[in-house]
Structures are given as C-alpha cells and as structure tokens.
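As structure tokens, the structure follows; a few thoughts come after it.
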There are 2 protein chains.
Amino acid sequence: MRITIIGSGNVATHLAAAFKNAGHAIVQVYSRDLQNASLLAYHVRAEAIDNLDQINAETDLFIIAVKDDAIETVATALAPYQKLIVHTSGATDLQVLLNHSQKAGVFYPLQTFSKTKEVDFNTVPICIEGADEHITSQLNELAYTVTQNVYRISSAERKTLHLAAVFACNFPNYLYYLAQQLLAEKQLPFDLLRPLILETAQKVKEYLPADVQTGPAVRNDEKTMTDHLQQLQEKPGLQQLYKLLSQGIITMDNDG
Amino acid sequence: MRITIIGSGNVATHLAAAFKNAGHAIVQVYSRDLQNASLLAYHVRAEAIDNLDQINAETDLFIIAVKDDAIETVATALAPYQKLIVHTSGATDLQVLLNHSQKAGVFYPLQTFSKTKEVDFNTVPICIEGADEHITSQLNELAYTVTQNVYRISSAERKTLHLAAVFACNFPNYLYYLAQQLLAEKQLPFDLLRPLILETAQKVKEYLPADVQTGPAVRNDEKTMTDHLQQLQEKPGLQQLYKLLSQGIITMDNDG
C-alpha cells in the first residue's frame, strides 16, 4: 500500500517504521516542524513536508497521527483528495472524520510508545473501525501486515478501552514513580523494585489480576497497613491514595 | 549449607527450590499442615514435619517463612538449638528475632511469588541484614548462591522498601483489575490490555518512571480527562481515584 503519514510523534514514528518493515511504501511524512518530518522521513525513505498544500495525491491512505484536537483540521485539508483517511486516536470518535469524508476509519494501536524505545509491533493490539464494511476489511488486512492482534472495535468501545488503558498504564507508571520517590528519600536505588514491577506485569499475562492480588490489603493485614499509613503521616496525599486503593482491594471480590 | 525451612507458603516454596537448585541440602520442611509440608518436602527431598518438637538439630540455618504474626512464636521454639535463625519478612524488624537469639538475621527476597508460577530467582533482589558482621557476611554469601542481586538493607530501610513495594506491585495490580472490570462490563477481552501492561513495566527497566509518563494527565489534556470522568459518573469511587491520581501526575515534576 502507498501510505502518507501525517504527524511525527511517537505513534507516527512507530507506525511508519512498522509499515515500512512490512513492505509498504511511505509516500510522505508531514509535520508542522520540517526537521521532525525530515528525521522520520529519512528513516522510512519518504518525502518530508511541512505544509499540507504539498500533499502528493498519489497515495492510498492518509494516516493522521497528530494531537487529538488537530485531527479535524487535518481531515478538512485531506478530504478533497478522496483517499481513505484514518486517525490513530483512542479518544476520538470516527464521526470527527465522517464529518468531512465518507472514506474514513480508525487505526488505533493500543500501546505506550516512546521514541527512544523499540517496540515489538507484532504483539501490539490494533483496534480498527471503518465507515463501511469494505473499509473495515481493508484496514483489517493492513493491520495484519504489522501485527497478529487485530480487533474490530466501535467508537463507543474504543472510549471504554481508552479509559481502561489509563488505569492499566498511566496510573501504574505514576505509582512506580511514587515508589521510586519513597526509596530516593532514603537513598535506596530503584533497581531494588524493577524485578518486582516486571513480575507483577508478567503475572497478568496468564492470570486475571484478581487471582494474583498480593499485599497487606488483600490479606486484610491491619497491622501492616497501620504501619504503612504511619510511615506516610507527613504525606497526606499519599495517605489518602493508600487508603483509597487498600479499601478498594479489601472489597475487591464484591466488585466483580 | 544445611537449611531447615519453616513454612510452606509462596516464599518458603520458592526459596526452598532455589536453595535446592543451588546445591544446598534442605534438612526439613515444617508446616502446621503436614500435607503442605510433605508436598514441598517431596520436591526438595527433605523431611516433612508438622511439630516443632521434631526439629532435627543437625542443620546450619533456620529460615522462617511464615506469616508475620507467627514469626516470634516460631523463633522462641527454635532459639534453644543455637543455630542461625533468619526471617524472610519485609515488614518485620530484626529485633523480633534478637529478642530470642543473637544468631539472627533477615533474608528478604523482594518479589511477588505465586505457587503456580515459576520465578527466575537469579534476578530477584535479596535484602540481607545480620545481627553482626559475621552473620551479614554469611548471609551475603548464601544469597549470592541463588541470585545476582544482593543488597545489605537495615530494618529501617526495609520498612520503606516494603511500603514502596505496595505502591510498585500491589496497587498497580489492583489498577489492572479495575481496567479489566471496565472492559468486562462492555464484553471487551482483557487481552487487549495485556501487551500495554507489560510494555509499561518494561519501560521502567531502563528509564525512571517520571521520564516515561504518558496519558492525558501528563499532557494536561482536560478534554480527555473530563470525558473519562464523565464515563465514570456512576462509579464515584473510581472517579475519586481517577482525580487523585491525575492530580498527582499533573503536579509530578514538582514532587521530585
């Protein structure tokens, strides 16, 4: 497929590389910042542009991987080419594209991307949605060229998924940060916790989280929880968080 | 070394197997439940006992891996043998053993263990503390027979570590659970999130959490956060948690 990448951030970078590796031709990379566009374009042997007037119409697919609030503006500029347009956003309804073009879809890779870290794209779930069955089937085929995990997900489902991803990724990373800060205060190295963090994530590769919950709260070990809260007495924010999460764990079985 | 294991839970099971693999002799395995003792003893070719009167004095080390509130009782029963006694608890002061014997120490493997899941013990950090330098050095040597990661950690430091481990392991697992529940309500499979969870943990193998924080809060993306809170409107507990964690992420740089 001939693919044009709009954007040069983390998602754009990883998607462009995955498509290139899968044998697709990347026609152009657009970014408002020509240097960013050039850097990515160089890697995937595409032309770099920093103006949507320079779009090459000889393409099959526009992939919009820009900030959520810029998607609609970009879609307006691309609609006249009458090519398939998809966005890559977890939080954005397909309707935002449909307002401008019927040849629209969503191609949402559910992963946390950093520019500096390689990702094995083959295991990344890609959530696709098409304006019609023909488009969905095209996107399905495209997705399977870069990953084994393809899911047909409606805009409503994707909203839930995006929220759940905050709980599964962004919030745990923040808790890692809090743990690291607690250690740093006592000059203890974060390396002490790294194997624990990894094993905690690896456990839920096979099990459901409820089945592998450990710690004082799930044992209702009040002595340890009281001692922990005592240690946090000068950190009211952390105390509140500790209480809220522990209370949640204690009543976990009743939620399910 | 000749080692006697007191306990047959997760820590006892994984430690006994690691010692056996490293070439140590497991003399006996004690559990109040003879069947549990026998199961573990069979695997490590030891004698199973369910009564502390049956202790074989021909051993070099007692490893107490029982519930925190049972450690002291067990220590009282073992003290007369005048052998080295260590406990494996993150939350328990060395003093609890010193009340009964001067030949005491701590051998705390900082990992989350489940009986059904193998752990690569070689990467598990082991935190050691001895009543004197001779004991610390003995425990240091022993720890290096089963892992590459050995740390000398005082009882005061271990308290901090144990608290930090709750933030790094128990609480993230609970957030995985909440994410899984949000998906389950919409009949979406947890498999969608598993690669994300794993990658989030793998990122902090190399980076500090603050450097790889992603999501709407760190971007201060109010539109997305408002939408997420809207989705949680019938779940006040989750709303409160979402606000507290997001607020923490927004002010993250100021904490460090």
Side-chain angles (χ1 to χ4, degrees), chain A residues 91 110-112 114 117 123-125 151 157 159-161 163-183 186 188 190 192-201 203-205 208-210 212-215 217 224 228 231 240-241 244-245 248-249 252 255, chain B residues 91 110-112 114 117 123-125 151 157 159-161 163-183 186 188 192-201 203-205 208-210 212-215 217 224 228 231 240-241 244-245 248-249 252 255-256:
Chain A
L110 182 46
Q111 189 49 284
T112 171
S114 310
K117 186 174 181 304
T123 63
V124 173
Y151 295 86
E157 289 170 331
K159 271 180 73 151
T160 302
L161 202 47
L163 172 62
V166 170
F167 279 89
C169 162
N170 309 148
F171 289 164
N173 186 75
Y174 175 62
L175 295 175
Y176 304 160
Y177 163 78
L178 294 178
Q180 180 255 321
Q181 293 286 303
L182 287 170
L183 295 194
K186 301 283 168 72
L188 291 167
F190 185 52
L192 272 161
L193 291 178
R194 285 180 154 127
L196 178 66
I197 286 171
L198 193 60
E199 176 69 12
T200 304
K203 269 188 177 179
V204 299
K205 275 174 80 170
L208 284 177
V212 292
Q213 183 67 50
T214 55
T224 300
H228 285 169
Q231 288 189 59
Q240 197 190 348
L241 196 52
L244 201 56
L245 289 164
I249 294 171
M252 224 166 129
D255 292 335
Chain B
L110 183 44
Q111 189 49 282
T112 170
S114 310
K117 186 173 180 307
T123 63
V124 173
Y151 295 86
E157 290 170 331
K159 269 179 75 149
T160 301
L161 201 49
L163 172 62
V166 170
F167 279 88
C169 162
N170 307 148
F171 290 166
N173 186 74
Y174 176 62
L175 295 175
Y176 304 159
Y177 163 78
L178 294 178
Q180 179 256 322
Q181 293 285 303
L182 287 169
L183 295 193
K186 301 283 168 70
L188 291 167
L192 274 160
L193 292 177
R194 285 180 155 127
L196 177 66
I197 286 171
L198 194 59
E199 176 68 12
T200 303
K203 270 189 175 177
V204 298
K205 275 173 82 169
L208 283 178
V212 292
Q213 183 67 52
T214 55
T224 299
H228 284 169
Q231 288 189 59
Q240 197 190 350
L241 197 52
L244 201 57
L245 289 164
I249 293 172
M252 225 168 128
D255 291 338

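Chain naming here is simple, since letters A, B, ... match the order of the sequence lines and numbering starts at 1 in each. Please read all numbers here as calculations on a predicted model, not as lab measurements.
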After noting the C-alpha distance and the side-chain angles of L245(A) and L175(B), does the key distance pass the side chain to side chain contact (heavy atoms under 4.5 Å, CB included) rule?
CA-CA 9 Å; L245(A) 289 164; L175(B) 295 175; 4.1 Å; yes
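- Listed by chain and residue number, F167(A), Y242(B) satisfy the ring-ring contact (aromatic ring centres under 6.0 Å, His included) test with F171(A) (two or more places apart in sequence, or in another chain).
- The candidate with the highest count of non-hydrogen atom pairs below 4.5 Å against chain B, out of L163(A), T123(A), L244(A), L188(A), is L163(A).
- No donor-acceptor distance shorter than 3.5 angstrom exists from the side chain of Y176(B) to the backbone of V204(A), with no hydrogens or angles considered.
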N173(B)/V212(A) under side chain to side chain contact (heavy atoms under 4.5 Å, CB included): CA gap, chis, key distance, verdict:
CA-CA 8 Å; N173(B) 186 74; V212(A) 292; 3.7 Å; yes
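- Only the side chain of T224(A) comes within contact range of chain B, with heavy atoms under 4.5 Å apart.
- Of the listed residues L241(B), N170(B), T200(B), T160(B), the one with more heavy-atom pairs under 4.5 angstrom with chain A than any other is N170(B).
- Interface remark: Q180(B) contributes side-chain atoms only to the contact with chain A (heavy atom separation under 4.5 Å).
- With hydrogens and angles disregarded, a donor-acceptor distance shorter than 3.5 Å links the side chain of Q111(A) to the backbone of P195(B).
- When each of R194(A), Q240(A), K205(A) is checked for heavy-atom pairs under 4.5 Å with chain B, R194(A) comes out on top.
- Per-residue counts of heavy-atom pairs under 4.5 Å with chain B were compared for G215(A), A91(A), A217(A); the largest is that of G215(A).
- The backbone N or O of K159(B) sits less than 3.5 Å from a side-chain atom of Q231(A), completing a donor-acceptor pair.
- Between the Y177(B) side chain and the M252(A) main chain, a donor and an acceptor come within less than 3.5 Å of each other.
- Of the residues considered (T112(A), L208(A), I197(A)), T112(A) shows the highest number of contacts with chain B, using heavy-atom pairs under 4.5 Å.
- Under the rule for a side-chain contact (heavy atoms from CB on, under 4.5 Å), the partners of A165(A) that lie at least two apart in sequence or sit in another chain are L110(A), L193(B), L196(B).
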